[in-house]
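To start, the structure under review is shown below, and the notes come after it.
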Amino acid sequence: MAVTRSDDIYPQIGNALWGGRLADAIENTCADHEVVPPPQQAILEGLATALPDTEIKALIATQRGRRVLKPNAYRVVQADDEQVLLLTCDVHGAAVVPWELNDRTAVHWSSPAPEATQRVKDLVATELALQDATKSAKSAEKEREALRRAPGDDTYASQALAAAAQKHQDAIRRVHQLMSEQHALLSALGNRRPRPVVRAVQEDGQPKAALSLAEQPYAVAVHMQRYAADNLKRAGKTRGYDLAESLADTGQLSKGMNVLQQWQITHADGTESKLWRLAAVTGNNRALARLDVFGVRPEHLVTGMPQSLVPMPKDKKDGPEPLLLSLREILNRLSARLNRDGAKPETAATDPSLRAAKIATVSAEIVIGCTKPDALEHVLRALNVNDHLRGIQPYDEDARLIALFATLVDAYARESLLADALAEAFPDARAADLLDLTGVRDALTVNGPLDPLEPLAPAGAEVSPVVLRDIAVRAITALVFPGIPPETGQTTNARIVRDTGRFWPVVRGTLQEPAWSLIRAKAAEGRTRLWSAAVAQLFVRRGNILSALGLFGRTEAREGAGQDPRPLAELLLRAEAGDAAAWAALVQRMAPSLIHAPQPFITPGQGSEAGEGRKGVRRPPNTAIASLTLAYTADTPGVSRALLLAFAKAVLEHPDAVRPPELDDGTPLVCYGEQDWDEKNRTAITAGMVIAPDTEGRPTPYIADKEWFDELFPVGLNAPASTASKNPANAPVGTVNTTDAGAATVAHGEAAADPRDQLVALRRELPARVELVEGSYLKAVDAAHVLMTDFEDAHRLRVQLGEDPLPAEQRIEWMEKLAKVRAAAQASVTTLEQVEALILKV
């Protein structure tokens, strides 16, 4: 029997029969173009359930007995060396969810570390408990007020009032306790949330052209979706007009690109739901504004819509309130309600049934196939970044720089120079030729874990979160400030064109910088901002990116950063052994951790340039690095090398702390600059804070903060000592200190070092020097073993193949070199025996 189609504004979604036909047509079309389709379940539950009942029929054609998509229903997009198949169709206006990975909100997401994910779960549990506690406090307050106003003054009434007052006080105390816990968790998260990690969905062990989020509890999924929507709204406020009003007035004028994505939700009763939805890759603001016009909240689409929000006339009013998980049922109920309300003459013009009329359906492009599903997320993010960088909507500065850095990394990869640039920056890498470049790109842009950077660690070195983050910072520095070949010694009068190498042209083309000879301070500052924004994403707590201004100048922008290639462990050992150059390199590697600490030690330039009377001492960020570097060799009161090394180790490890710092004896910690503050106004002690060490390197009851840092490493640390400091004012005029006068002899105008101080310094440095020698010998032994293995393989292959031996001259040359090496090794053994004898005498 024929069904008469209604003239309702809001469409109904077709039945599952046509959804199966659409899945067949998409799979056959993908096979014709040799691309991988999405899973059939994704098409049935996420795509077919978003299309009006007549739309699917308009997309399908029959060709030689096979269902395929009509030629005008799809197009192929070439993204670098990958192809993406896009379906062009009209979808229900409320069927698309905003994508969490929008590049305009990148600054609001932190690295997807496991401990941050656990903190989000704790935060959600605390917020739920706070809601219950707030309700209990209001109820207790009403009960107290009711008893207070009740007539009567008998003993029972006064006791009841006292009990109600005590109950109210306990409830208020519980609210304050939960608020403190919430504040501490937010501080531990850096007031951000870990970026959701999506991966290509797997079907029968093979990746498909759709994305999937990791499994998460219902409350966490709601929290994360609301957080993403709130930040997207905040970023959209920079638009010069009201997007929701524009959509309601004129409709949507341009298409948006969408991808099928799966949300895996665990409900409170233990049941699991795997919901397929369309996520807006481009046009996120339009997708969110459309839902706002429809009166639909994004989290309800991905976690389940409460039935009471889209009721049908025959639904029981007193029944349970189940969650509607089927997108088809949600949209059909929504369309039915809007059609009913729109038909009523008394409906106001502000009602969603009238406001959403021009976006009842919208034109969209949907990813239905790609050549490399594992790289689909990266391709879509790159398209999103490219679309935004060329758009008219203004970026936040931080978000623009992060997107620009992602474009720079892609440019290196597109030119097949990413692996080469990293191999040059890490000459001691254990396996730079085995890098997973897709994983490296995700790691450097904080869209995945840092584990793919492990091949860049030195052979035999222990790989830890500290090491991986240090490698990531060094890699970002190498890509943003690439080195160029050294200048040739040409002395002719001919015009010299400087060879800028292979990497700098990539930076120039991406950042649109002037010619190499025209690089000035402005270009160096712009690149420093880019570096700072990219590095900030590696930390849970994101400091001000302007704190890095001055760390790189015109020289680094022209010639390269010139990083010390030694790993952190070696730099720490050499600094402990008394190597000032190693300490200077270590301070440079500490700089990002000093900026992005819970209590930042380096902040943007503060103070007054005219004098310290008005705003305090002027301190640009680079003076903090200079003072910390010079403290290693300067004779500064209260600063010792033990303090410096303990501080350096704590700063490098603080981003990975999962618990607040504690002292062994249980003494409560307080920020150094808040010692005189009232206890209720003090900063909560959270994970990642650094305990201030004393001159022996032992922990103190204080948390190191900016005040502690500026007091120990002041701006004038690098200034020459004044005469007054050498001759104290309180010393009597004409007096001479004759104590140990013979020990302090003067040579060439400088006082000789005290032998006792020399002995103390040597005893402090010798353990690290022994460890350095041990490491050097182990490397030499390993190298000799590898050399022997290589020669054994060469000998075996020569005999097997019957090849002639090498010329005698070549063999003699190699033997002479090895004889010299063996002689040096034997001499060093004699030296080590002498050291062993001296150890007994120290």
Side-chain angles (χ1 to χ4, degrees), residues 16 19-50 59-60 66-69 73-87 89 97 99-101 112 196-216 257-266 272-279 281 302 327 365-384 410 413 434-443 445 447-449 451-452:
R21 294 174 180 175
L22 177 63
D24 292 340
I26 290 176
E27 290 178 358
N28 292 332
T29 304
C30 288
D32 294 340
H33 288 273
E34 298 181 346
V35 296
V36 180
Q40 188 178 51
Q41 200 70 15
I43 300 173
L44 295 176
E45 298 180 6
L47 177 55
T49 56
L59 298 174
I60 301 176
R66 301 165 64 241
R67 292 189 183 93
V68 295
L69 296 175
Y74 67 92
R75 68 187 182 98
V76 179
V77 175
Q78 189 74 27
D80 293 337
D81 58 343
E82 300 167 24
Q83 285 186 342
V84 179
L85 198 65
L86 298 178
L87 174 69
C89 58
V97 183
W99 208 29
E100 300 97 327
L101 303 184
V197 177
V198 297
R199 291 289 182 261
V201 69
Q202 300 283 327
E203 187 177 66
D204 298 330
Q206 298 295 324
K208 295 291 185 177
L211 304 176
S212 176
L213 275 171
E215 186 176 332
Q216 52 188 335
M257 185 185 299
N258 309 303
V259 66
L260 286 162
Q261 182 168 302
Q262 185 185 56
W263 276 261
Q264 304 182 70
I265 309 298
T266 303
E272 296 182 359
S273 59
K274 298 183 178 181
L275 307 180
W276 284 101
R277 297 292 185 262
L278 288 175
V281 175
V302 300
L327 183 61
E365 292 184 325
I366 301 164
V367 177
I368 57 170
C370 64
T371 52
K372 297 179 181 178
D374 285 332
L376 177 61
E377 177 211 355
H378 175 77
V379 171
L380 296 179
R381 280 192 285 106
L383 290 173
N384 190 16
D410 287 345
L434 300 180
L435 284 173
D436 172 18
L437 295 184
T438 300
V440 169
R441 289 188 297 186
D442 288 344
T445 55
N447 286 286
D451 296 341

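Computation of the quantities below employed the complete heavy-atom set of this structure, encompassing side-chain atoms and omitting hydrogens, waters and symmetry-equivalent molecules. Note that this is a predicted model, so its numbers are computed, not measured.
Considering only heavy atoms from C-beta on, Leu260 comes within 4.5 Å of Leu278 through its side chain. In this structure, Leu47 and Leu87 have side chains that are in contact, with non-hydrogen atoms separated by less than 4.5 Å. Residues Asp32 and Arg66 have side chains in contact (heavy-atom distance under 4.5 Å, counting atoms from C-beta outward). Residues Cys89 and Ile366 are in side-chain contact: their nearest non-hydrogen atoms beyond the backbone lie under 4.5 Å apart.
The structure places CD1 of Ile368 at 7.5 Å from CG of Leu86, a figure rounded to the nearest 0.5 Å. How far CH2 of Trp263 is from CG of Leu211: 9.0 Å, rounded to the nearest 0.5 Å. Note that the CE atom of Met257 and the CG atom of Leu380 stand 7.0 Å from one another [nearest 0.5 Å]. For the atom pair CG (Leu101) and CD (Gln261), the distance works out to 7.0 Å, reported to the nearest 0.5 Å. From Gln206, atom CD reaches atom CG of Asp374 across 9.5 Å, with rounding to the nearest 0.5 Å. In this structure, CG on Asp24 lies 8.0 Å from CD1 on Ile60, to the nearest 0.5 angstrom.
The residue from Pro207, Ser212, Pro38 that alone fulfils the side-chain contact (heavy atoms from CB on, under 4.5 Å) condition with Val201 is Ser212. For the salt bridge (Lys or Arg N to Asp or Glu O under 4.0 Å) test with Glu377, the passing option among Lys372, Arg199, Arg441 is Arg199; the others fail.
Judged purely by atom type and a 3.5 angstrom limit, Thr371 has no side-chain atom pairing as donor or acceptor with the backbone of Glu82. When atom types are taken as modelled, the side chain of Asn28 and the backbone of Arg67 share a donor-acceptor pair closer than 3.5 angstrom. The backbone N or O of Leu69 lies less than 3.5 Å from a partner atom in the side chain of Thr29, making a donor-acceptor pair. Gln264 places a side-chain N or O within 3.5 Å of a backbone atom of Leu213 that can act as its donor or acceptor partner.
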>> The test is side chain to side chain contact (heavy atoms under 4.5 Å, CB included); show your working for Glu272 and Glu215 and say whether it passes.
In response: CA-CA 9 Å; Glu272 296 182 359; Glu215 186 176 332; 3.2 Å; yes
- Check the pair Glu365, Arg75 against side chain to side chain contact (heavy atoms under 4.5 Å, CB included), reporting the backbone distance first and the verdict last. CA-CA 9 Å; Glu365 292 184 325; Arg75 68 187 182 98; 2.6 Å; yes
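Closest of all the heavy-atom pairs between Trp276 and Gln262 is NE1-NE2, 3.4 Å. In this structure, Lys208 and Pro373 approach most closely via the heavy-atom pair O-CB, 3.3 Å.
Salt bridge status for Lys274 with Glu45: absent, with no side-chain N to carboxylate O gap under 4.0 Å. Between Asp410 and Arg381, none of the side-chain N atoms (NZ, or NE/NH1/NH2) sits under 4.0 Å from a carboxylate O, so this pair counts as no salt bridge.
Using modelled atom types, one finds no donor on one side chain facing an acceptor on the other under 3.5 Å when comparing Asn447 with His378.
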